[in-house]
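First up is the structure itself, then whatever we jot down about it.
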Amino acid sequence: MTGFDLTGLLAERGTEGYELHARHLNHQLPRMLRTIGFDKVYERAEGAYFWDTEGQDYLDMLAGFGVMGLGRHHPVVRQALHDVLDAGLADLTRFDCQPLPGLLAEKLLSHAPHLDRVFFGNSGTEAVETALKFARYATGRPRILYCTHAFHGLTTGSLSVNGEDGFRDGFAPLLPDTAVELGDLAALERELKRGDVAGFVVEPVQGKGVHPTPPGFLRAAQELLHRHKALLIADEVQTGLGRTGDFFAYQHEDDVEPDLVCVAKALSGGYVPVGATLGKDWIFKKVYSSMDRVLVHSASFGSNAQAMAAGLAVLAVMEDEQLVAHARHTGDLLRSRLTALIDRYELLHDVRGRGLMIGIEFGRPKSLSLRGRWRMLQAARKGLFAQMVVVPLLQRHRILTQVSGDHLEVIKLIPPLIIGEREVDRFVEAFTAVMDDAHSGGGLMWDFGRTLVKQSLQVGRG
């Protein structure tokens, strides 16, 4: 028996988080959090809420970038993990076939009946890496197409299909790739005619800016790809598992059947990292074409019992609590309540999205007084106004949200799928108060905006 005491360690040093990060991890993270006033200390969490050291609750409209689809510490997932640990399974022997991976694969594939097999890894970016490798091997072609402003992960392969230069800069050379505009079928066809395209990877709703694919685009893209012997890869890492009001977001459009589908995030239940790549039988059989190739693509921690148990529990909860339909209903309610505010606030330009993946976009106001302040922020750094909304939502109203990408005047809402009318009311009331302040004659927000301008310039010099 060792003397390790986790509870005692946290009691002794649990307040040192920011200092430890600054000293030993990514030193820019605590700096950024302090700059925007997000340097909170949260003690516990449950469902869609956090609590700080003073016992104040915070509404989570971020869900760990979509990981916490069921909210935090769902009792069914917790029990499943207790059960699998207590079972003392012979896990990760690497030379047997445990039942849990097969059971989770079977359950996932029941939601995508046109697909046949699953590879389990440990994250969303690994799920994308798997899809890229499988597409290139199955087609014998090198090039992958993706969309401008796309986000598919940050490992080298998935970075090759990342549509944001800020992530790519300094990491070349990457894989052969070409970006096309979301919705531009002519550009897609032009690239396919070159004959070297293995596949096209696309988010059915882009996370950056929250842009759904145009109506009919996925179906038309699928037809073009198959005509040119290339594959459609749906990145459902954030949009999958009910987030958009369908189990998979590509199902919003009729007759779309991707060749490969990537999932992760919410499948973990918020506990054990997991990624999954679903695909057609012929693709898997081409990759794993002989016993000599049985380990040609694998992951050391893939299919581990804890991750599989968490995934099975998540899918059971989604079914029992009807969370896909709930996300659609609650998302429609939240989006309609926010859309109703567009005519009231000239700085509010658009509300879009599907289910509980919603983008709130701000833009140039018409009135002279607000236009001058808007120009001040835009001259310093595009995206500062959205940050001006995010910060008071947290500091004054205890609601956690995020700006939907660098240099974007868009807030993205991706709350746990379990939120209901109470949380919708709380968010809309808080958002209305923040926008009232932004449109007032003086406005605390604009004072804060000037502070943000100074701080952003200082951070830029750092």
Side-chain angles (χ1 to χ4, degrees), residues 108-118 127-128 130-152 158 160-161 163 175-207 211-240 243-263 277-287 352-355 357:
L108 277 172
L109 291 168
S110 72
H111 294 281
H114 73 286
L115 299 176
D116 308 291
R117 298 184 182 274
V118 180
V128 171
T130 299
L132 299 183
K133 285 181 67 176
F134 281 27
R136 295 176 82 198
Y137 192 86
T139 62
R141 296 172 174 179
R143 199 157 57 103
I144 302 291
L145 304 181
Y146 64 99
C147 291
T148 52
H149 309 300
F151 186 94
H152 299 291
S158 58
S160 301
V161 291
L175 298 179
D177 60 74
T178 304
V180 298
E181 288 289 336
L182 183 68
D184 191 339
L185 289 169
L188 180 63
E189 185 171 24
R190 188 164 56 248
E191 295 299 330
L192 288 169
K193 285 180 176 178
R194 292 172 58 182
D196 63 343
V197 173
F200 173 50
V201 58
V202 59
E203 303 156 273
V205 181
Q206 278 194 338
H211 292 286
T213 52
F217 174 71
L218 288 178
R219 184 170 61 253
Q222 176 178 269
E223 292 172 0
L224 281 173
L225 287 158
H226 289 174
R227 191 185 313 156
H228 291 275
K229 309 296 188 215
L231 306 182
L232 175 62
I233 305 168
D235 182 346
E236 297 269 4
V237 169
Q238 187 166 103
T239 57
R243 168 61 55 191
T244 64
D246 291 286
F247 190 88
F248 291 120
Y250 72 79
Q251 293 168 339
H252 184 79
E253 194 172 319
D254 292 337
D255 301 321
V256 176
E257 296 185 345
D259 302 286
L260 293 159
V261 176
C262 306
V263 298
T277 307
L278 289 63
K280 293 184 175 177
D281 183 68
W282 74 267
I283 298 173
F284 274 68
K285 285 186 174 175
K286 197 157 188 179
V287 172
R352 57 178 174 266
R354 290 186 192 141
M357 187 171 181

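Keep in mind that the numbers below use all heavy atoms, side chains included, and drop hydrogens, waters and symmetry copies. This one's a predicted model, so the numbers in the text were calculated from it and none came from an experiment.
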Using distance only, find each side-chain donor-acceptor pair of residues 214-223 under 3.5 Å and give its atom names and separation, not counting sequence neighbours.
| unit_1 | atom_1 | unit_2 | atom_2 | d |
| --- | --- | --- | --- | --- |
| R219 | NH1 | D254 | O | 3.2 |
| Q222 | OE1 | E257 | N | 2.6 |
| Q222 | NE2 | D255 | O | 3.0 |

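- In this structure, CZ in R117 is found 14.5 Å from OG1 in T277, a value given to the nearest 0.5 Å.
- Using a 4.5 Å cut-off on side-chain heavy atoms (C-beta onward), H228 and V197 make no contact.
- For the atom pair S160 OG and R143 CZ, the distance stands at 13.0 Å (nearest 0.5 Å).
- Using a 4.5 Å heavy-atom cutoff, the side chains of R227 and L224 are in contact.
- The shortest side-chain heavy-atom distance between T139 and K229 does not fall under the 4.5 Å cut-off.
- Between F200 and C147, some side-chain heavy-atom pair lies under the 4.5 Å cut-off.
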Tell me, with the steps shown, if D246 and T239 meet side chain to side chain contact (heavy atoms under 4.5 Å, CB included).
CA-CA 9 Å; D246 291 286; T239 57; over 6 Å; no
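- Distance CG/L225 to CD/E189: 10.5 Å, rounded to 0.5 Å.
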Is there a side chain to side chain contact (heavy atoms under 4.5 Å, CB included) between H252 and T244? Walk through the geometry before answering.
CA-CA 9 Å; H252 184 79; T244 64; 5.9 Å; no
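- Looking at every heavy atom in both residues, R354 comes nearest to T213 through NH2-O, 3.5 Å.
- A distance of 6.5 Å separates NE2 of H226 from CG of L231, quoted to the nearest 0.5 Å.
- In this structure A112 satisfies the side-chain contact (heavy atoms from CB on, under 4.5 Å) test together with H114, L115, F248, Y250, L278, sequence neighbours excluded.
- Considering every non-hydrogen atom in both G279 and L260, the closest pair reads CA-CD2, 3.7 Å.
- H152 is listed as a side-chain neighbour of V201, based on a closest heavy-atom distance under 4.5 Å.
- The shortest distance between side-chain heavy atoms of H149 and L182 does not fall below 4.5 Å.
- Shown here are the ring-ring contact (aromatic ring centres under 6.0 Å, His included) partners of Y146, two or more places apart in sequence or in another chain: there are none.
- Here K280 pairs with D259 under the salt bridge (charged side-chain N to carboxylate O under 4.0 Å, His left out) rule; sequence neighbours left out.
- Using a 4.5 Å heavy-atom threshold, the side chains of E236 and R243 count as separate.
- The shortest distance between side-chain heavy atoms of Q251 and V256 does not fall below 4.5 Å.
- With sequence neighbours excluded, no residue forms a ring-ring contact (aromatic ring centres under 6.0 Å, His included) with Y137.
- Considering only residues two or more places apart in sequence or on other chains, H111 meets the ring-ring contact (aromatic ring centres under 6.0 Å, His included) condition with F247.
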Report the C-alpha separation of D116 and I283 in whole Å, then their side-chain angles, then the decisive distance to 0.1 Å, and conclude whether the side chain to side chain contact (heavy atoms under 4.5 Å, CB included) test is met.
CA-CA 10 Å; D116 308 291; I283 298 173; over 6 Å; no
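- Closest approach of A127 to C262, counting heavy atoms only: O-SG, 3.5 Å.
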